[in-house]
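For ligands, and for the atoms within them, numbers begin at 1 and follow the listed sequence. Computed from heavy atoms alone, side chains included, the values below leave out hydrogens, waters and symmetry copies.
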Amino acid sequence: MHSTTLGYAAQAAHTPLAPYRFERREPGPHDVQIEIQYCGVCHSDLHTARDEWHNTVYPAVPGHEIIGRVTAVGAHVSKFSIGQTVGVGCMVDSCQACPSCDEGLEQYCENGFTGTYNSEEKETGGITYGGYSSQIVVNENFVLRVPDSLDPAAAAPLLCAGITTYSPLRHWKVGKGQKVGIVGLGGLGHMGVKIAHAMGAEVVLFTTSPDKVDDALRLGADEVVISRDEAQMAPHVGTFDFILNTVAAPHNLDMFLILLKREGTMTLVGAPATPHPSPEVFNLIMKRRHLAGSLIGGIEETQEMLDFCAAHGITSDIEMINIQDINAAYERMLKSDVKYRFVIDMASLKA
Ligand code: NAP
Ligand code: ZN
């Protein structure tokens, strides 16, 4: 048994996304079926739709910032009930048996997690299709509770942009008394500013877009630096405990590494299609600095992040679009022209 689903798919790397009809599995005993109401637009969706990471299987239905309402539950589902508002992020499955899964770090599953899109679906052997669609069926272990106090549309981006910034900020123990840099004010970056501020850190936002300065201050930055202006960068050399770099394009990492204190860490979450130029190794060894990476976050930590955001009144700043506008939205995202996350109103699919 299958159920027909309407979505938007990329059919090839250089053609626009267009309507696409496909089948999803009927919910099994441990599955939750979700009518999708909102889906955020992550830069990873664009990387995938255009095969920039050279691993896309077409047709590709992107979308991994999903908010919707439960429409059916399998016989053994205990955590969710019909009518509940829930979320789905970047993963829909993992092996649940390896040491990483045991520790709640499913994103580092040693047998490979199943991505919400462009992954092999264990149940069917097909390819997973993401949230640019009318409905999705997901194992209950990969479904999140969305606190009632969060606006559902503005909560959608928390499922990727929120957790991808929350997880490294937590892992590197960001908090009061620390000076923290966020590089890039896009979807991830603006969540990083809000969350690092809520964790009590002194937050400095680095941007290439002078028109974002006022917004960054409003979002919680204590200071904003135009990263292309050497005079603004110079006073910050050697002063940061931690820097979270969200930039989606290759760039010079040295200009940020030298801002770290001795033993400070810069964590990369941006995933550009081509490599950054290698940093100058002396910038690392002379001050025992760390250059690190981080991938989304585990399911338990994603729930913790949603609850943290509810407790601090944090959601994403969004611009709502219809699904028919998705190709134009991608072009604007490439120009860093989004304040600060596009969210698709999935009701528009029916138009
Ligand atoms: P986004 O909304 O497009 O934001 C990226 C920001 O980077 C832009 O707003 C811009 O900020 C800055 N930027 C862009 N091009 C730049 C350039 N050439 N030089 C310097 N700065 C530049 O993208 P996003 O959705 O936040 O995603 C960011 C990256 O993270 C993507 O590569 C995405 O695939 C990746 N990602 C990784 C994970 C993970 O788990 N590690 C999860 C989700 C996404 P300013 O205008 O402020 O300069
Ligand atoms: Zn994402």
Engineer: How far is atom 43 (C) of ligand 1 from its nearest protein heavy atom, and which residue and atom name does that atom have?
Structural biologist: C160 SG, 3.3 Å
Engineer: Could you please spell out the steps behind the side chain to side chain contact (heavy atoms under 4.5 Å, CB included) verdict for L253 and L268?
Structural biologist: CA-CA 10 Å; L253 300 178; L268 307 178; 4.1 Å; yes
Engineer: Does some non-hydrogen atom of A161 fall short of 4.0 Å from ligand 1?
Structural biologist: no
Engineer: Does any N or O in the side chain of T128 come within less than 3.5 Å of the main-chain N or O of N118, such that one atom is a donor and the other an acceptor?
Structural biologist: yes
Engineer: Check whether any N or O atom of L188, backbone or side chain, sits under 3.5 Å from an N or O atom of ligand 1, and answer yes or no.
Structural biologist: yes
Engineer: Check M91 against I299 and note the closest heavy-atom contact, atom names and distance.
Structural biologist: CE-CD1, 4.1 Å
Engineer: Between R218 and D317, does at least one N-O distance fall below 4.0 Å, as a salt bridge requires?
Structural biologist: yes
Engineer: Identify the heavy atoms of L159 and I163 that sit nearest to each other, and give their distance.
Structural biologist: O-CG2, 3.4 Å
Engineer: Check each atom of ligand 1 against the heavy atoms of L295 and keep those under 4.0 Å away; list them by number with element.
Structural biologist: 40 (O)
Engineer: Could you list which atoms of ligand 1 come closer than 4.0 Å to a heavy atom of W53?
Structural biologist: 34 (O)
Engineer: Taking only heavy atoms of G184 into account, list the atoms of ligand 1 that are under 4.0 Å away from them.
Structural biologist: 11 (O), 47 (O)
Engineer: Any idea which part of F342 is under 4.0 Å from ligand 1, heavy-atom wise: side chain, backbone, both or neither?
Structural biologist: neither
Engineer: Polar contacts were defined as any N/O atom of the residue lying under 3.5 Å from an N/O atom of the ligand; does this apply to L185 and ligand 1?
Structural biologist: yes
Engineer: Verify side chain to side chain contact (heavy atoms under 4.5 Å, CB included) between M333 and V41, making sure each step is shown before the conclusion.
Structural biologist: CA-CA 9 Å; M333 187 155 65; V41 178; 4.1 Å; yes
Engineer: Applying the side-chain hydrogen bond (donor to acceptor under 3.5 Å, both in side chains) test to S316, which of E65, H190, R341 qualifies?
Structural biologist: H190
Engineer: Among all protein heavy atoms, pick out the one at the shortest distance from atom 7 (O) of ligand 1; state its residue, atom name and that distance to 0.1 Å.
Structural biologist: V247 CA, 3.7 Å
Engineer: What protein heavy atom lies closest to atom 15 (N) of ligand 1? Include the residue and the distance to one decimal.
Structural biologist: A249 CB, 3.9 Å
Engineer: Could you check E331 against R50 for salt bridge (charged side-chain N to carboxylate O under 4.0 Å, His left out), going step by step and ending with a plain yes or no?
Structural biologist: CA-CA 12 Å; E331 291 309 314; R50 299 189 175 178; 2.7 Å; yes
Engineer: What I want to find out is whether D211 reaches K339 closely enough, with some N-O distance under 4.0 Å, to be called a salt bridge.
Structural biologist: yes
Engineer: Which class fits the ring pair Y132 and Y330: parallel under 30°, tilted 30 to 60°, perpendicular over 60°?
Structural biologist: tilted
Engineer: Tell me the protein heavy atom at minimum distance from atom 45 (P) of ligand 1, and give that distance in Å.
Structural biologist: T207 OG1, 3.3 Å
Engineer: Are Y129 and Y20 close enough that their ring centres sit under 6.0 Å apart?
Structural biologist: yes
Engineer: How far is atom 8 (C) of ligand 1 from the closest protein heavy atom, and which atom is that?
Structural biologist: S336 OG, 3.5 Å
Engineer: Would you mind telling me if ligand 1 is within reach of the side chain of K212, the backbone, both or neither, using heavy atoms under 4.0 Å?
Structural biologist: side chain
Engineer: Is the side chain of D45 donor-acceptor paired with the backbone N or O of C42 at a distance under 3.5 Å, no angle test?
Structural biologist: yes
Engineer: Using a 3.5 Å cut-off on N or O atoms only, is V269 in polar contact with ligand 1?
Structural biologist: yes
Engineer: Using a 4.0 Å heavy-atom threshold (strictly under), name the region of C90 that reaches ligand 1: side chain, backbone, both or neither.
Structural biologist: neither
Engineer: Give the numbers and elements of all ligand 1 atoms closer than 4.0 Å to a heavy atom of T246.
Structural biologist: 28 (C), 29 (C)
Engineer: Among the heavy atoms of M333, does any lie under 4.0 Å from an atom of ligand 1?
Structural biologist: yes
Engineer: What about A271: any of its N or O atoms under 3.5 Å from an N or O on ligand 1?
Structural biologist: yes
Engineer: Strictly distance-based, threshold 3.5 Å: is any side-chain N or O of D229 a donor or acceptor partner for the main-chain N or O of M233?
Structural biologist: no
Engineer: Would you mind telling me which of V92, T116, I296 makes a side chain to side chain contact (heavy atoms under 4.5 Å, CB included) with H64?
Structural biologist: T116
Engineer: Do any N/O atoms on G187 end up under 3.5 angstrom from N/O atoms on ligand 1?
Structural biologist: yes
Engineer: State yes or no: do M266 and I195 share one hydrophobic cluster built from I, L, V, M, F, W and Y residues joined by side-chain heavy-atom distances below 4.5 Å, directly or via other members?
Structural biologist: no
Engineer: Donor-acceptor pair, T71 side chain versus Q33 backbone, under 3.5 Å?
Structural biologist: yes
Engineer: Between K179 and E202, is a salt bridge (charged side-chain N to carboxylate O under 4.0 Å, His left out) present by the stated rule, with each step listed?
Structural biologist: CA-CA 5 Å; K179 186 175 171 185; E202 178 193 347; 5.0 Å; no
Engineer: Is Y330 in contact with ligand 1, taking contact as a heavy-atom separation below 4.0 Å?
Structural biologist: no
Engineer: Quick one: name the protein N/O/S atoms under 2.8 Å from the Zn ion (ligand 2), chain by chain.
Structural biologist: C42 SG, H64 NE2, C160 SG
Engineer: Pairs of nitrogen or oxygen atoms closer than 3.5 Å, one from I296 and one from ligand 1: do any exist?
Structural biologist: yes
Engineer: Do V247 and V213 share a hydrophobic cluster (ILVMFWY, side-chain heavy atoms under 4.5 Å, transitive)?
Structural biologist: no
Engineer: Among all protein heavy atoms, pick the one closest to atom 46 (O) of ligand 1 and tell me residue, atom and distance.
Structural biologist: S209 OG, 2.5 Å
Engineer: Could you tell me the residue and atom name of the protein heavy atom closest to atom 25 (O) of ligand 1, and the distance to it rounded to 0.1 Å?
Structural biologist: R341 NH1, 2.6 Å
Engineer: Please state which part of S44 comes within less than 4.0 Å of ligand 1, counting heavy atoms only: side chain, backbone, both or neither.
Structural biologist: both
Engineer: Does H43 approach ligand 1 within less than 4.0 angstrom via side chain, backbone, both or neither, non-hydrogen atoms only?
Structural biologist: both
Engineer: Which is it for T164 and ligand 1 at heavy atoms under 4.0 Å: side chain, backbone, both or neither?
Structural biologist: side chain
Engineer: Could you find the nearest protein heavy atom to atom 20 (C) of ligand 1 and give me its residue, atom name and distance?
Structural biologist: T208 CG2, 3.5 Å
Engineer: Please determine whether a side-chain nitrogen of the Lys or Arg among E140 and K79 lies less than 4.0 Å from a carboxylate oxygen of the Asp or Glu.
Structural biologist: no
Engineer: I'd like to know whether the aromatic ring centres of F142 and F113 sit less than 6.0 Å apart in this structure.
Structural biologist: no
Engineer: Please list, in number order, the atoms of ligand 1 under 4.0 Å from a heavy atom of S294.
Structural biologist: 39 (C), 40 (O), 41 (N)
